[in-house]
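Remember, it's 1-based here, ligands and their atoms both numbered in the order they're listed.
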Amino acid sequence: MPSYVVRFTLLLAALIVLGGSALVGLAVAERYYVRQTNIQSDATLRLAASGLSGALQKFESVPKLLADHPSVRSLLDGSATASDLDALNEKLKSVASEVGASDIYVLNATGLAIAASNFDKETTFIGNYYTFRPYYSDAMQGNQGRYYALGTSSQKRGFYFSEPVMLDGSPIGVLAVKFTVDELELKWNGFNHDLIVTDPDGIIFMSSRSDWLFSAINPLSHETLSRLRDSKRYPVDQLTSLGATYTEGTNEARLTFSQDLGGAEYLVRSQFMPEANWTLHILTDRSLVFRQSVQATLIAGLIVLLITILTIALLAWRSRQAQHIREQEEAKLLLEERVAERTSDLQREIGERIQAERDLRKAQNELVQAGKLAALGQMSAALSHELNQPLSAVKSYADNAGAFLDRNRPDDAKANLSHISALTDRMAQISNSLRNFARKPREQIGLVSLAAVLKDVEQIMVGRLTETKATLRVSPVVSDLTVIGGHVRLQQVLVNLVNNALDAMEGQPDPTVEITVIDTAEQVDIRVKDHGRGIDDDIFEQIFDPFFTTKGVNQGLGLGLSISFNILRDFGGNLSATNNPEGGAVFIATLVKPIMDQEAAE
Ligand code: ADP
């Protein structure tokens, strides 16, 4: 499955879980706040109910006290005079004002008001019949009457208490006390809730909201309406429907207004007050509860979100740490593996090298051995060649000398003997050359004046140069030019090179050998140049080998260049050869110059 589909599915699942949790959270919060609101409402309800009960109790005893008063009874039994009536009216007025009642009045047996605290007002009850009021009929039956209604004269809502005025055990009239409920309602302004009082028909008789007055919380039937019309309790034409639905559940009641009236919903808590036969309700706007629930859910959601983010961040951090540690361990393992691999490679390489070195040494030893044998072979061949030839000559000269003496030719024998002497000289020379080749030099290596060496070479060569009619040209050299070496051996090398040059030009007219000295910062090159036949390419590699010679019998041993090469090597220098483009060979003897610093000079 593509990764974006997985991500989208996960996101959708997370959103569903989140939305579901939010709804559940909201429901839980709402239930909690409804419960809290109910607890609070119940407390307020109890307070308001006890306030109402207190007010009722306050007026409850007043009618009883006044009904027993002689002036009231005398008015009803007809014994009172006009002035007694005036006095009673005044008394009722003062009592009413003292106890806070709106009206106190006396009804005779026919229900006609004959005395009243409002005797002096235009809206006085005196002269009105109150037969239709239940508190009148209740009292005339010898009972205490309680009733609430909108006053027909005052148009004020009032609560009525009545007491029968008894004479000889029978009621002869009624004493009624009315107080208005307006002031009680005013006290409800301090509450945060709306309060209403409904009668058994569900008509709102008291309310903290004046627009709800005389509205029925439930629809009123025709029978109820006609009954209410007959009782004159309320002006039936003013009765309206509240436009709300009152529903009562097991735990709570709700009052829901229709959408035309705003659709508000109230949580309702109620308490029935048997002393007045009415019900006190307390109403709380449900939107407030809902708002509180949403706020609580949001706060809880934010806290959960914060905890989730922190948890995710912590988990991510821990996983990153773990990843980091894993990577480090992997890198360490990799490094250790590489080190182990490299170590074993190195060990193998070392082993191979040791083996290769062993093989090389073995091969070298074998070569040296082979070289030694070859050199010995070469030398033996050369020596036997060089010595056999004069030896056989010596033998024949000696044999001939004997024969000459037998024939008495002493002069010829003498000549043969001198030949023998010359040949032994030659053999001694050969033996000397060999000794020089093998011998270790006794001469120390040190600073040698090049000018002095060259001068000696010129002197040594005088005899041969004269003999061969050759010329030796030596380039001038500064007298203090010194090189590292040995005077005699350097001289031997140069004499050898000049002799070879003269050999190469044998038979040429005006043979000339040129010695040139090239002085550079670190070394001195002595170039010995001739105009002979030069060195053939095919023998270039071999001319420095011992016993290599192209010269004829009795003319060369092939040791000159080999000895010279080794001498110059001993001096830290070198001997090399090249052909001159104009013809002839050039041999270059390279010598090292001493380091001339101030200290050495001193
Ligand atoms: P030898 O002189 O006894 O032959 P060297 O070692 O001095 O031995 O020389 C070896 C060979 O090098 C010579 O036989 C010759 O072939 C070659 N050679 C030496 N010097 C010269 C030269 N100046 N010109 C040509 N060939 C030379």
> Where the closest heavy atom to atom 17 (C) of ligand 1 is concerned, which of I543, V528, V586 has it?
Replying inline: I543
> Who gets closest to atom 15 (C) of ligand 1 by heavy atom: T550, N499, L561?
Replying inline: T550
> If you count the atoms of ligand 1 from 1 in the order shown, which ones are under 4.0 Å from a heavy atom of T549?
Replying inline: 1 (P), 3 (O), 4 (O), 14 (O)
> By number and element, which atoms of ligand 1 are closer than 4.0 Å to a non-hydrogen atom of A501?
Replying inline: 23 (N)
If we count only N and O atoms by modelled type, under 3.5 Å, do the side chains of [X] and [Y] hold a donor and an acceptor together?
X    : Y    : answer
N500 : K551 : yes
R358 : Q355 : yes
N496 : Q492 : no
E514 : H531 : yes
E327 : Q323 : yes

Just need the protein heavy atom nearest to [atom], so name the residue and atom and give the distance.
atom                    : answer
atom 25 (C) of ligand 1 : G534 O, 3.5 Å
atom 23 (N) of ligand 1 : D530 OD2, 2.8 Å
atom 24 (N) of ligand 1 : A504 CB, 3.2 Å
atom 11 (C) of ligand 1 : F548 O, 4.0 Å
atom 21 (C) of ligand 1 : F587 CE1, 3.9 Å
atom 2 (O) of ligand 1  : K551 NZ, 2.5 Å

Please check whether [X] reaches ligand 1 - meaning an N/O of the residue sits under 3.5 Å from an N/O of the ligand, judged on distance alone.
X    : result
G558 : yes
N500 : yes
D503 : no

>> I'd like to know if E30 pairs up with R286 as an ion pair, taking the criterion as any Lys NZ or Arg NE/NH1/NH2 lying under 4.0 Å from an Asp or Glu carboxylate oxygen.
In response: yes
> Would D412 and R407 pass as an ion pair if we require N to O under 4.0 Å?
Replying inline: no
> Hey, mind stepping through H487 and D456 against side-chain contact (heavy atoms from CB on, under 4.5 Å) and telling me if it holds?
Replying inline: CA-CA 10 Å; H487 185 98; D456 284 356; 2.7 Å; yes
>> Parallel, tilted or perpendicular, judged at 30° and 60°: which one describes the rings of F257 and Y266?
In response: perpendicular
> Heavy-atom contact under 4.0 Å between G584 and ligand 1?
Replying inline: no
